[in-house]
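Read the structure below first, then the notes.
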Amino acid sequence: MAFLPPSGPGRILGTVDPDGGCHGRECHQDRQPGSGRGPGARRCRGSGAHRRTAGPGLFARIREDEYGYLDETGHVYLDHTGAALPARRQLRAQAERLTRGVFGNPHTESPASATSTALVERARARVLDFVGADPDEYTVVFTANATAACRLVGESYPFRRGRAELLLTLDNHNSVNGLREFARARRAPTTYVPPGDLELRVCDATLDRALRGRRGGRGLFAYPAQSNFSGVHHPLEWIPRARELGWHVLLDAAAFTASNPLRLDRWPADFTVVSWYKVFGYPPGSAV
């Protein structure tokens, strides 16, 4: 789980005010729409038709038809931050696909492989549409999980002492915290930005000081859109601000996209990690 004390070399900026206040001039709860849980945050209300038909009866039918296995097995499920539950229709559709087709290794020359390749490319297109990403700007890479997705970025990012460093919020998930090992291996410094109040929010002034403290070249700033530890929504406005100051941004959207819309055409992070089992339960896996 995240919010572990940093291991090895690294520095932490700022402190937590025991009175619940930030050491800075501005906290992000006062920001404009898109800031997450602040007063200006937008909520996705769904279509008008859905709002008209939604009610206790509809939800009861959906629960019975698609998630009746909870009652059948005597479960009360409270771990939706960890993983969503699949609907029965998802499992039926996947079983039907697998039992009615032959699927080979993608990207080789055979009818079975061509079928798999077509499904993979279709899935990539759906992922880009889901997060509002321009296919001319973004490429989808499927991985086993969020840890593997972050490892892929860490292995390939050109960390370098004095030229490309790592900046992390202190409440990152461990899959993101693992980036520090790749930075350390290349002798690049790691800086941690702590929460600025007892609600575990990061003060904008503290973050801005960290972003401006880059020692040279470019660097990688990684943070969660929604903290796995506290549930706090960190502002998506940090993305263009960090990029403006010369940082690449890795956005951990694994917990966030389970219940919030994400538009990369508006918030263009350089790398975005999404976990599909957190969104709809099945199949497992992530994308970056």
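Checked against a 6.0 Å centroid threshold, the rings of Phe280 and Tyr282 do not count as neighbours. Under the 6.0 Å cut-off for aromatic ring centres, Tyr157 and His248 qualify, their centroids lying closer than that.
Applying the salt bridge (charged side-chain N to carboxylate O under 4.0 Å, His left out) criterion to Glu64, with sequence neighbours excluded, gives no partner residue. Checked against side-chain contact (heavy atoms from CB on, under 4.5 Å), Pro106 has the following partners two or more places apart in sequence or in another chain: Ser116, Thr117, Val120. Taking the side-chain contact (heavy atoms from CB on, under 4.5 Å) definition, one finds that Ala222 meets it with Leu168, Val176, Leu179, Leu250, sequence neighbours left out. A search for side-chain contact (heavy atoms from CB on, under 4.5 Å) contacts involving Tyr138 returns Leu128, Ala133, Leu264, Pro268, not counting sequence neighbours. Glu109 meets the salt bridge (charged side-chain N to carboxylate O under 4.0 Å, His left out) test with no other residue; sequence neighbours excluded. A search for salt bridge (charged side-chain N to carboxylate O under 4.0 Å, His left out) contacts involving Glu137 returns nothing, not counting sequence neighbours. In this view, Ala269 and Ile239, Val249, Leu251, Thr272 satisfy the side-chain contact (heavy atoms from CB on, under 4.5 Å) rule, not counting sequence neighbours. Residues forming a ring pair (Phe, Tyr, Trp, His ring centres under 6.0 Å) with Tyr277 (at least two apart in sequence, or on another chain): none. Applying the ring pair (Phe, Tyr, Trp, His ring centres under 6.0 Å) test to Phe130 and every residue at least two apart in sequence or in another chain returns Trp276.
Here the side chains of Leu236 and Arg263 are not in contact, with every heavy-atom distance at 4.5 Å or above. Using a 4.5 Å cut-off on side-chain heavy atoms (C-beta onward), Trp247 and Arg218 make no contact. Here the side chains of Arg212 and Leu245 are in contact, with some heavy-atom distance below 4.5 Å. Here the side chains of Leu166 and Pro189 are not in contact, with every heavy-atom distance at 4.5 Å or above. For the pair Asn260 and Gln226, the minimum side-chain heavy-atom distance is below 4.5 Å. Residues Leu220 and Glu165 form no side-chain contact, since every pair of their non-hydrogen atoms from C-beta on lies 4.5 Å or further apart. When side chains are defined from C-beta on, Leu200 does not count as touching Ser227, because their heavy atoms never get closer than 4.5 Å. Counting heavy atoms from C-beta outward, Val232 and His234 have side chains that approach closer than 4.5 Å.
Between Trp238 and Phe221, the two ring planes are tilted [angle within 30° to 60°].
Remark: Cys203 SG to Asp197 CG distance equals 8.0 Å, nearest 0.5 Å. With rounding to the nearest 0.5 angstrom, the OG1 atom of Thr99 is 10.0 Å from the CD atom of Gln94. Rounded to the nearest 0.5 Å, atoms OG (Ser230) and CG (Asp171) are 5.5 Å apart. Rounded to the nearest 0.5 angstrom, His75 NE2 and Leu85 CG are separated by 10.0 Å. Taking CD of Glu237 as the start and CG of Asp204 as the end, the distance is 8.5 Å to the nearest 0.5 Å.
The two atoms that bring Ala188 and Ala164 nearest to each other are CB-O, 3.3 Å, heavy atoms only. Across all non-hydrogen atoms, the minimal contact from Ala87 to Glu66 is CB-OE1, 3.5 Å. The shortest heavy-atom contact between Pro240 and Trp267 is CD-CE3, 4.1 Å. Residues Pro194 and Leu170 approach most closely at CA-CB, 4.0 Å, considering heavy atoms. Closest approach of Asn105 and Ser113 over heavy atoms only: O-OG, 2.8 Å.
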Query raised in the report: Passes side-chain contact (heavy atoms from CB on, under 4.5 Å), Val273 versus Cys150? Steps please.
Result: CA-CA 8 Å; Val273 177; Cys150 292; 4.1 Å; yes
Report task. Could you give me the CA-CA distance, side-chain angles and deciding distance for Phe142 and Val127, then say whether side-chain contact (heavy atoms from CB on, under 4.5 Å) is met? Result -> CA-CA 10 Å; Phe142 293 111; Val127 169; 4.1 Å; yes
Report task. Check step by step if side-chain contact (heavy atoms from CB on, under 4.5 Å) holds for His173 and Asp252. Result -> CA-CA 8 Å; His173 190 276; Asp252 176 12; 4.1 Å; yes
Query raised in the report: Does the pair Asp265 and Asp134 meet the rule for a side-chain contact (heavy atoms from CB on, under 4.5 Å), with working shown?
Result: CA-CA 7 Å; Asp265 52 0; Asp134 185 345; over 6 Å; no
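Counting only residues at least two apart or in different chains, ring-ring contact (aromatic ring centres under 6.0 Å, His included) contacts with residues 79-102 comprise Tyr77-His80.
Counting side-chain heavy-atom gaps under 4.5 Å among Ile, Leu, Val, Met, Phe, Trp and Tyr, the cluster of Leu78 also holds Val76. Other members of the hydrophobic cluster containing Leu119, listed by chain and number, are Leu98, Phe103; membership follows side-chain contacts under 4.5 Å among ILVMFWY residues, whether direct or relayed.
In this structure, the side chain of Asn174 does not engage the main chain of Asn177 through any donor-acceptor pair within 3.5 Å. Judged by distance alone, with hydrogens and angles left aside, the side-chain atoms of Thr115 form a donor-acceptor pair with the main-chain N or O of Pro111 at under 3.5 Å. Checking side-chain atoms of Asp129 against main-chain N and O of Ala125 turns up no donor-acceptor pair under 3.5 Å. Using modelled atom types, one side-chain atom of Lys278 and one backbone atom of Gly82 make a donor-acceptor pair closer than 3.5 Å.
With hydrophobic clusters built from ILVMFWY side chains whose heavy atoms lie under 4.5 angstrom apart, Leu91 does not share a cluster with Tyr69.
When the shell of 6.0 Å around CZ of Arg100 is examined, it contains 12 or fewer heavy atoms from other residues, nucleotides or ligands.
Between Asp65 and Arg88 no salt bridge is recorded (no basic side-chain N to carboxylate O distance below 4.0 Å). We find that Asp71 and Arg63 are joined by a salt bridge, their nearest charged nitrogen and carboxylate oxygen being less than 4.0 Å apart. Remark: Asp208 engages Arg241 in a salt bridge, criterion side-chain N to carboxylate O under 4.0 Å.
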